[in-house]
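Lettering of chains follows the sequences in order, A, B, ..., and the numbering in each one begins at 1.
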Amino acid sequence: MDKLSRDFYLADTIEVAVKLLGKILVHRIDQCEISGRIVETEAYLRDDPACHASRGMTARNAAMFGEPGHAYVYATYGNHYCLNVVTQPVGVPEAVLIRAVIPLSGVEIMQAKRNRTRLQDLCSGPAKLTQAMGITLELNGIDLLGDRLFIADDGTDVGPVVSRPRIGIRVATEKLWRFYPVKFAQWVSKR
DNA sequence: ACATCGATCTACT
DNA sequence: GTAGATCGATGTA
């Protein structure tokens with residue numbers, strides 16, 4: 001498996017969102033490895049009203065303005081965390097939200113953290129997968145080219161990908177920037 | 001200093 | 001299908 005390069009994240013955000021499908025998200029914690037195959041993403045662009053950074057830099061969204069290939073983790077609705085990967089050059093605040101993965105390794109840890117047993121209930125949502133994989137605010141800004149949290153390519157081809165309206169936002173709902181492979185539709189959030 | 005509101009999830013009907 | 005939980009970040013005063 002090859003860890004994704006800095007150049008991978010430097011590219012066009014929508015292109016990165018599509019190319020991330022089928023890649024493997026890995027979190028190493030206490031000698032253990034928790035991983036899952038990415039099957040649902042959403043793109044957030046700089047001039048996009050739904051993007052946290054569309055109205056300038058704040059303490060929360062600063063990571064989006066930084067180097068591509070770093071994590072942007074934020075808290076919402078009380079106890080939930082969501083994971084994004086930062087794209088584009090320094091100063092261009094764009095990112096891809098990871099919305100769902102298929103559990104691959106560390107499944108027992110995920111089941112314990114989620115208090116659920118069925119594989120489809122572990123990582124089928126942006127805040128579910130962060131809970132299952134132990135990803136919290138302390139990982140905000142971390143470099144995805146390091147060894148703690150990273151994304152790798154094992155050569156899997158996911159086949160045809162569909163684009164749909166993004167979920168859970170109240171503005172810019174006309175943009176079809178939510179992506180998932182047809183053959184993994186049963187593993188994504190909602191519908 | 002204070003009021004508002006989520007890039008959500010779960011439980012319940 | 002609907003509502004409640006839950007709290008940090010953000011905007012307004």
Categorize A:Arg166 for me: base, sugar-phosphate, or nothing, with a 4.0 angstrom heavy-atom threshold over every strand shown.
nothing
A:Lys183 and A:Asp157: CA distance, side-chain angles, deciding distance, salt bridge (Lys or Arg N to Asp or Glu O under 4.0 Å) verdict
CA-CA 11 Å; A:Lys183 70 184 200 178; A:Asp157 176 14; over 6 Å; no
Indicate yes or no: at least one non-hydrogen side-chain atom of A:Asp48 is less than 4.5 angstrom from one of A:Trp177.
yes
Can you tell me how far P of B:dC9 sits from OH of A:Tyr77, to the nearest Å?
10 Å
Side-chain N or O of A:Arg99 versus OP1/OP2 of B:dT8: is the shortest distance under 4.0 Å?
yes
Value in whole Å for how far the P atom of B:dC9 lies from NZ of A:Lys190
8 Å
From C:dT10, B:dC9, B:dG6, pick the nucleotide closest to the side chain of A:Thr58?
C:dT10
Regarding A:Leu97, tell me which of base, sugar-phosphate or nothing describes its non-hydrogen contacts under 4.0 Å with the strands shown.
base
Write down the partner of B:dA3 under the Watson-Crick or G-U wobble criteria, each distance required to be under 3.5 Å.
C:dT10
Roughly how far, to the nearest 0.5 Å, is NE2 of A:His27 from CD1 of A:Ile135?
6.0 Å
Distance check needed: C:dT10 P versus A:Tyr74 OH, whole Å only.
12 Å
Mind checking A:Ala50 for me? I need base, sugar-phosphate or nothing, with any heavy atom below 4.0 Å counting as a touch.
base
Pair A:Thr156, A:Asp154 - check side-chain hydrogen bond (donor to acceptor under 3.5 Å, both in side chains), show working.
CA-CA 6 Å; A:Thr156 295; A:Asp154 71 347; 2.8 Å; yes
May I have the distance from A:His80 (atom NE2) to C:dA9 (atom C1'), rounded to whole angstrom?
16 Å
Is the aromatic ring centre of A:Tyr44 closer than 5.5 Å to the centre of the six-membered base ring of B:dA7, with the two planes inclined by less than 30°?
yes
Taking OP1 and OP2 of B:dT10, is either one under 4.0 Å from a side-chain nitrogen or oxygen of A:Arg114?
yes
Show your reasoning for whether salt bridge (Lys or Arg N to Asp or Glu O under 4.0 Å) applies to A:Asp147 and A:Lys3.
CA-CA 10 Å; A:Asp147 288 327; A:Lys3 194 176 294 181; 2.9 Å; yes
Taking the minimum atom-to-atom distance to the side chain of A:Ile169, which one of B:dA7, C:dT6, B:dC9 wins?
B:dA7
Expressed as a whole number of angstroms, how long is the span from A:Gln120:CD to B:dC9:C1'?
17 Å
Quick one: does A:Glu33's side chain have a donor or acceptor within less than 3.5 Å of a partner on A:Arg28's backbone?
no
Side-chain N or O of A:His52 less than 4.0 angstrom from OP1 or OP2 on B:dA7?
yes
With the side chain of A:Asn79 defined as its heavy atoms from C-beta on, choose the nearest nucleotide among C:dT6, B:dA7, B:dC9.
C:dT6
Give the rounded distance in Å between these two atoms: CG of A:Leu129 and P of B:dT8.
12 Å
What is the distance, to the nearest angstrom, from the CZ atom on A:Arg170 to the C1' atom on B:dT8?
14 Å
Below 4.0 Å: OP1/OP2 of C:dA9 and any side-chain N or O of A:Arg55
no
Nearest-Å distance for atom pair CE/C1', residues A:Met57 and C:dT10:
15 Å
Taking only side-chain nitrogens and oxygens of A:Arg60, does any of them come within less than 4.0 Å of OP1 or OP2 of C:dG8?
no
